[in-house]
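Atoms considered below: every heavy atom in the structure, side chains included; atoms not considered: hydrogens, waters and symmetry mates. Order of the sequence lines fixes the chain letters, A, B, ..., with proteins taken first and strands second; residue numbering starts at 1 for each chain.
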Amino acid sequence: MYILVTGSSSERIRVQELDSAGVPTSVGRMLTTAQFRALVRERDQDGVRWVWEDTARSYPVLLRGSVRVQRCHDLRLCHAILRNSALTAASALANAPAGRWDAPAAASPVESRGTTLFDMDLGVAEDNRPEPADGDALAEFQAQLQAVRASADPGRLRLLLAAESVGALIAAEMQFAGLPWRSAIHDSLLTAELGPRAAAGIRPARLEELAVRIRTELGDREVNPDSPPDLLRALNRAGLAVATTRAWELEKLEHPVIEPLLRYKKLSRLLAANGWFWMESWIIDDRFHPEYLPGGVVTGRWATRGGGALQLPKQIRGAVVADPGWSFVVADAAQLEPRILAALSTDTAMAAAGRGTDLYAGIVASGVVETRAHAKVAMLGAMYGATSGESGRLLPRLARAYPRALALTEAAARAGERGDVVSTRLGRSSPRPGADWEDGQARASEAGASPADERRARSQAREWGRFTRNFIVQGSAAEWALCWMAEIRKGLRTLPVPATPATPLARGGLELRTPPSPFADTPHLVFFLHDEVIVHTPAALAGEVARIVTEAASTAGRLLFGDFPVDFPLTCVVVDSYADAK
DNA sequence: CGAGCCCGCGCG
DNA sequence: AAAGCGCGCGGGCTCG
């Protein structure tokens, strides 16, 4: 059973019931925001799947009214998958000219607890006249159902579309709830590292001292350490033979300027990326509300917009502190990508190396390589396409021990080099290379091709092969992570809501101090980073939450790989501060 | 002056 | 060009 929701960015929302084939079973009705929330409260328990164009635009209206939904179908995200998937390549949807469903997501307004206390529920009177269908959304949904039905593997695609859509729900919920963030702690971390906050455009004390030392050691009173070309010239004049100013290259040098320069780089990065200006821009009422973009990366990984949420440096994670009486459950999947590769390729030997333990240690224990560091660099090389260095030298040993896994990554690379498409476990397919790439390959195979043309074409072919090689692993890992989070979310909703003192809202008189939140007294996801999650939970429930998170990892493995014997162990800790996790 | 590029570095 | 994947973002800098 589906309910199609359209026009939900305005105060008038249209809903229409559809049967399991996507055929309307009633006329559409126009609802006010309040009526829409009431309908969702009433019907969400019935196993309804809400079908809407864009979760990021439709769902916040509900969250602001403390209403959550269990399941949805995000037409825009699902369209992107089906348009591109090799499994639906013959469908009408995949072969239609590009249209509005192919446009990128509109930037969503900041929708979060704290910034929008109450939206306007202007009482637009219910209007009982039947509304004309939003034929576009209905036709699109029907085309998607048809494409899945006629596909080579409807079961996998249905799981993928459900996972992508529940990911969109989670993304909206995490943005709404926000990551607990103590500005006071952040401020003291910055002050300890950089010195007291200085006016805009002025370096804080520690940074200015280092800049002075750098100029002294280089014998150049003018050099600007923030300008790479300027700095490079100064380094070269001082007799340092470097081609770039990258930290890893400078580390190798012996010179008195190196130590202050590396410290300067580290600190200026902290100031520019996560300093006081960042704090004032992104932290509202002790919460960080980044905008998550499900499907924002071609592989299916999420991206974020604003605030650099996926790059929070370890330096400042001490500011992420649970509320009083609450804890964090921080979990990350151990060696996720190699385990995904083992399962994708049904390489039972590699899966066995990871049984219940550190997979890299298991590779060492099997006698494939001598050290854990070697096992790790060799595995990364296999998944990323290394050809030289230590990683390249170790690859043959890995290939002897795990021929099935290595054959799969090689096949994916060869496909990419030919310009072919590869697909993840659940059927998300890689994009085709661009016209420039095709032109380059064609030119190199013509009669008059120069050696330079051929070299460049070969290099670009290998580059695309490394991309497709990694795509199947990174993309399938992203699918595992979506299933993991979906199972966590489902499990958390089975927990009893602890009896808590009346909230300010319930006491009356203080309504405006705490906006309504569906997460005020219940465990909820607050952060996601590719293979890692944070759940914010009343401390008394932390043990239960950890159990749910751990079981969800096993369930995700079964959803993707059935009974193939591969483990997905986690490191899972209960902490008050994110800095205390691992 | 803004748009868009490069550089460099944070995360997985 | 780190030996190899995927990102976002800020500062410097060039160009129009």
Nearest-nucleotide comparison on DNA chain C, the residue closer to the 5′ end among A:Gln311 and A:Gly389: A:Gly389
Parallel, tilted or perpendicular, as decided by the 30° and 60° cut-offs, for the rings of A:Phe561 and A:Phe568: parallel
Of the listed nucleotides B:dG12, C:dG6, C:dG4, the one nearest the side chain of A:Arg317: B:dG12
Base C:dG6 to side chain A:Gln474, donor-acceptor N/O within 3.5 Å cut-off: no
Pairwise P distance for C:dG6 and C:dA1, with rounding to whole Å: 13 Å
Heavy-atom pair of closest approach, residues A:Met350 and A:Leu359: O-CD1, 3.9 Å
A:Lys314 side chain near B:dC9 phosphate (N/O to OP1/OP2, under 4.0 Å): no
Sugar-phosphate, base or nothing in reach of A:Ala309, heavy atoms under 4.0 Å: nothing
A:Trp302 and A:Phe528 aromatic ring geometry - parallel, tilted or perpendicular at 30°/60° bounds: perpendicular
Residue-phosphate contact under 4.0 Å: A:Arg269 side-chain N/O, B:dG10 OP1/OP2: no
Sugar-phosphate, base or nothing in reach of A:Val377, heavy atoms under 4.0 Å: base
Ionic contact status for A:Glu479 with A:Arg425, cut-off 4.0 Å: no
Touch class at under 4.0 angstrom, heavy-atom based, for A:Arg462 against every strand present: nothing
Modelled atom types, side-chain donor and acceptor of A:Asp74 and A:Thr55, under 3.5 Å: yes
OP1 or OP2 of B:dG8 under 4.0 Å from side-chain N/O of A:Arg246: yes
Sugar-phosphate only, base, or nothing, as touched by A:Gly296 at under 4.0 Å among non-hydrogen atoms: nothing
Presence of A:Lys265 side-chain N/O under 4.0 Å of B:dC9 phosphate oxygens OP1/OP2: yes
Sugar-phosphate only, base, or nothing, as touched by A:Gly392 at under 4.0 Å among non-hydrogen atoms: nothing
Below 4.0 Å: OP1/OP2 of C:dA2 and any side-chain N or O of A:Lys252: no
P atoms of C:dA2 and B:dC7, separation to the nearest Å: 11 Å
Sidechain N-carboxylate O distance under 4.0 Å for A:Arg213, A:Glu209: no
Contact nearer the 5' end of DNA chain C, comparing A:Trp282 with A:Glu463: A:Glu463
Candidates C:dG8, B:dG8, C:dG4 - which lies nearest the side chain of A:Pro228: B:dG8
A:Tyr384 aromatic ring stacked with six-membered ring of C:dA3, 5.5 Å and 30°: no
Nucleotide of C:dC7, C:dC5, B:dG10 approaching A:Pro313 most closely (side-chain heavy atoms): B:dG10
From C:dG12, C:dG6, C:dA2, nucleotide with atom closest to A:Asn470 side chain: C:dG6
N/O (side chain, A:Thr245) to phosphate O (OP1/OP2, B:dG8) under 4.0 Å: yes
Residue-phosphate contact under 4.0 Å: A:Ser268 side-chain N/O, C:dG11 OP1/OP2: no
Sugar-phosphate only, base, or nothing, as touched by A:Leu380 at under 4.0 Å among non-hydrogen atoms: nothing
Who pairs with C:dG4 - Watson-Crick or G-U, where each distance is under 3.5 Å: none
Touch class at under 4.0 angstrom, heavy-atom based, for A:Arg466 against every strand present: sugar-phosphate
Minimum-distance nucleotide (side-chain atoms of A:Lys266 versus C:dC7, C:dG4, B:dG10): B:dG10
Presence of salt bridge, A:Arg76 and A:Asp54, under 4.0 angstrom: yes
Whole-Å gap separating P (C:dG11) and CZ (A:Arg203): 12 Å
